[in-house]
Chemist: 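I have a structure here, written as structure tokens, and I will follow up with some questions on it.
Keep in mind that the numbers below use all heavy atoms, side chains included, and drop hydrogens, waters and symmetry copies.
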Amino acid sequence: MRLGELITLVHLLDPSLKLGLDTSPIKPISGMSAADQQLLLHTVTQTPLTVAGLRQHAAHFDQDLTVFRSNDERLYGFRQSGHWLLFK
């Protein structure tokens, strides 16, 4: 999944949805960075980004970046569960 595709897909979602990784327990996504044509989603703190935060931060990155977890695991999709948008 590329960043531009992700932005298009989440465009109509509730901006207050919290971002997390689809694990048990959920790992909140707290930040993002770019390196080597990758957008890395970080789980450094317990304060999750929201869809609104993703939109705001994503404006500063190349839309062609491929989305990865910070451990170099590529992310292929997401699902909504309660107040969370979970990436898998």
Chemist: Tell me the salt bridge (charged side-chain N to carboxylate O under 4.0 Å, His left out) pairs involving residues 69-78, sequence neighbours left out?
Modeler: Arg69-Glu73
Chemist: Please tabulate, for the side chains in residues 5-22, all donor-acceptor contacts under 3.5 angstrom to protein atoms that are two or more places apart in sequence or on a different chain.
Modeler:
unit_1 : atom_1 : unit_2 : atom_2 : d
Glu5   : OE1    : Arg2   : N      : 2.8
Thr8   : OG1    : Gly4   : O      : 3.1
Asp14  : OD1    : Ser16  : N      : 2.8
Asp14  : OD1    : Ser16  : OG     : 2.8
Asp14  : OD2    : Ser16  : OG     : 3.1
Asp22  : OD1    : Arg79  : NH2    : 3.1
Asp22  : OD2    : Arg79  : NE     : 2.9

Chemist: Show the atom names and distances, to 0.1 Å, of all donor-acceptor pairs under 3.5 Å that link a side chain in residues 30-44 to residues at least two apart or in another chain.
Modeler:
unit_1 : atom_1 : unit_2 : atom_2 : d
Ser30  : OG     : Val44  : N      : 3.1
Ser30  : OG     : Thr45  : N      : 3.2
Ser33  : OG     : His42  : NE2    : 2.6

Chemist: Does anything in residues 63-88 form a ring pair (Phe, Tyr, Trp, His ring centres under 6.0 Å)? List the pairs, not counting sequence neighbours.
Modeler: Phe78-Phe87
Chemist: What heavy-atom pair brings Ile26 and Pro28 nearest, and what distance separates the two atoms?
Modeler: O-CD, 3.5 Å
Chemist: If you group Ile, Leu, Val, Met, Phe, Trp and Tyr by side-chain heavy-atom gaps below 4.5 Å, do Leu49 and Leu85 land in one group?
Modeler: yes
